[in-house]
2 protein chains.
Amino acid sequence: MAVSRDPDVNRAMCPSRLILEHVTSRWGVLVLAALLDRSYRFSELRREVGGVSEKMLAQTLQTLERDGFVHRDAKPVIPPRVDYSLTELGKEAAEQVWGLARWTEKRVDEVFTARARYDEAKERGAAYGEARTP
Amino acid sequence: MAVSRDPDVNRAMCPSRLILEHVTSRWGVLVLAALLDRSYRFSELRREVGGVSEKMLAQTLQTLERDGFVHRDAKPVIPPRVDYSLTELGKEAAEQVWGLARWTEKRVDEVFTARARYDEAKERGAAYGEARTP
DNA sequence: CGGTATCCTCCTAGATACTG
DNA sequence: CAGTATCTAGGAGGATACCG
């Protein structure tokens with residue numbers, strides 16, 4: 001039988017995996033981090049985050065809104081004005097992922113050192129010709 | 001100019017983003033969580049995690065090893081025996097992501113409620129025919 | 001301003017087959 | 001047992017154009 005066309009459904013063997021995916025997604029992390037400071041308008045957020053396309057920002061915000069992390073406040077004025085802010089749940093989420101992000105930044109040097117060591121070891125292995133069969 | 005063919009290079013505007021991606025990746029989370037309990041052999045880990053292909057498990061382990069989170073201990077015996085365990089850095093990483101995962105699990109009900117509310121609101125919007133132009 | 005709709009291009013996960 | 005090599009479908013995400 002074919003699996004569902006909705007990727008969210010297929011990966012949802014564990015539902016929390018999906019939520020994790022949403023909040024740790026490339027733009028999800030940055031959006032949550034930005035909104036932790038204050039509320040933002042769409043274009044403002046786009047500039048703040050930097051490098052995100054309209055499509056991806058809209059998609060990210062919709063996902064986060066649907067999950068109950070972000071509140072969307074669309075004012076019926078012309079020109080349109082839409083403000084995004086964190087819900088209480090979203091604030092918790094943002095603090096969690098931001099905590100992880102901060103930890104990661106703290107350890108980035110150690111990771112780089114580890115990588116250099118790993119790559120050098122590989123290099124040496126290749127140099128001493130350990131059973132390479134090309 | 002063309003950007004690099006290595007996705008890790010392109011996404012690395014922020015190096016910590018990459019590390020985050022490695023530890024929160026689909027299988028990364030589960031591998032770290034498993035190794036938090038004890039060390040595992042390759043096939044053992046494959047069974048424990050469940051649903052992971054050999055290729056993806058190998059790739060995940062290599063990435064985590066390169067980042068300095070996982071220690072690979074290959075014993076020169078026949079048949080081969082390779083044990084994987086967490087380094088000190090990896091233990092920290094695992095605790096961080098596991099913390100996030102636990103938080104997510106705790107809030108999964110609230111997220112589902114939020115989603116139901118969101119979907120229902122969309123439904124109603126469509127039902128009352130608000131300016132749909134198909 | 002704040003989005004959608006459409007197209008299009010890579011990337012990546014997974015399946016399969018093979019090796020030391 | 002513990003992986004590597006190769007192939008492929010399809011999904012993620014960017015570019016572009018358009019709408020209310």
Side-chain angles (χ1 to χ4, degrees), chain A residues 2-11 13 17-18 21-22 24-28 30-31 39-47 49-63 65 70 72-84 122 125-126 129-134, chain B residues 2-11 13 17-18 21-22 25-28 30-31 39-63 65 70 72-84 122 125-126 129-134:
Chain A
V3 287
S4 168
R5 239 51 57 195
D6 181 354
D8 279 8
V9 168
N10 290 330
R11 293 182 199 161
M13 313 136 301
R17 164 95 284 260
L18 261 182
E21 217 151 90
H22 294 166
T24 64
S25 74
R26 174 157 186 171
W27 306 118
L30 298 172
V31 165
S39 77
Y40 279 91
R41 297 180 62 179
F42 187 86
S43 299
E44 231 180 2
L45 200 48
R46 194 151 129 69
R47 278 188 294 274
V49 167
V52 63
S53 65
E54 286 182 1
K55 181 186 154 189
M56 287 316 297
L57 183 57
Q59 201 175 102
T60 302
L61 285 168
Q62 279 165 16
T63 304
E65 189 197 353
V70 162
R72 181 177 182 275
D73 182 19
K75 275 128 186 166
V77 295
I78 292 182
R81 179 190 177 97
V82 182
D83 286 278
Y84 290 94
K122 284 249 146 167
E130 36 186 57
R132 301 266 301 161
T133 35
Chain B
V3 287
S4 167
R5 237 51 56 195
D6 181 353
D8 280 7
V9 168
N10 291 329
R11 291 181 201 162
M13 313 136 304
R17 164 95 283 261
L18 260 182
E21 216 150 271
H22 294 165
S25 74
R26 175 154 186 182
W27 306 118
L30 299 172
V31 165
S39 77
Y40 278 91
R41 300 179 61 177
F42 187 86
S43 298
E44 232 180 1
L45 200 48
R46 193 152 130 69
R47 277 187 294 275
E48 175 69 18
V49 166
V52 62
S53 66
E54 286 182 1
K55 180 188 154 190
M56 287 314 298
L57 182 57
Q59 201 175 101
T60 302
L61 285 169
Q62 279 165 16
T63 304
E65 188 197 354
V70 161
R72 181 176 182 276
D73 183 19
K75 275 127 184 166
V77 296
I78 293 183
R81 180 191 176 99
V82 183
D83 286 278
Y84 291 94
K122 285 250 148 167
E130 36 188 58
R132 297 270 299 163
T133 37

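Numbered from 1 within each chain, the chains take letters A, B, ... in sequence-line order. All figures in this text were calculated on a predicted structure; none of them were measured in a lab.
- Heavy-atom nearest nucleotides on DNA chain C were determined for A/Tyr84 and for A/Lys55, and the one closer to the 5' end corresponds to A/Tyr84.
- In this model, the phosphate group of C/dT12 is not approached by any side-chain N or O of B/Trp27 to a distance below 4.0 Å at OP1 or OP2.
- Nearest nucleotide to the side chain of A/Met56, out of C/dT4, D/dG14, D/dA2: D/dG14.
- Residues B/Val52 and B/Leu30 form no side-chain contact, since every pair of their non-hydrogen atoms from C-beta on lies 4.5 Å or further apart.
- When all heavy atoms are compared, the tightest approach of A/Asp83 to A/Arg41 is OD1-CG, 3.5 Å.
- Comparing atom distances between the A/Arg41 side chain and each of D/dG3, D/dA2, C/dC1 picks out C/dC1 as nearest.
- In this structure, CZ of B/Phe42 is placed 18 Å from P of C/dT19, rounded to the nearest angstrom.
- The structure places OG1 of B/Thr60 at 10.5 Å from OH of B/Tyr84, a figure rounded to the nearest 0.5 Å.
- Among the nucleotides C/dG20, C/dG2, D/dG13, the one closest to the side chain of A/Arg72 is C/dG2.
- Not one side-chain nitrogen or oxygen of B/Ser53 sits closer than 4.0 Å to the OP1 or OP2 atom of C/dA13.
- Among the atoms of the strands shown, only primed sugar atoms or phosphate atoms (P, OP1, OP2) are found under 4.0 Å from some heavy atom of A/Gln62.
- Residue B/Pro80 has its side chain nearest to D/dC1 when only C/dC1, D/dC1, C/dG3 are considered.
- Using a 4.5 Å cut-off on side-chain heavy atoms (C-beta onward), A/Ser43 and A/Arg47 make contact.
- Rounded to whole Å, the distance from CG on A/Asp73 to P on C/dG2 is 12 Å.
- The distance between atom CD1 of A/Ile78 and atom P of D/dC19, rounded to the nearest whole Å, is 17 Å.
- Among all heavy-atom pairs drawn from A/Glu54 and A/Phe42, the shortest one is O-CZ, 3.8 Å.
- If you measure from atom CG of B/Leu57 to atom C1' of D/dC1, you get 13 Å, rounded to the nearest angstrom.
- Rounded to a whole Å, the CD atom of B/Glu48 is 18 Å from the C1' atom of D/dA2.
- Protein atom CD of B/Glu54 is 11 Å distant from nucleotide atom P of C/dA15, rounded to whole Å.
- Spacing between atom NE2 of A/His22 and atom C1' of D/dA12 amounts to 13 Å, rounded to whole angstrom units.
- Put simply, CD on B/Gln59 is 16 Å from C1' on D/dA2, counting in whole angstrom units.
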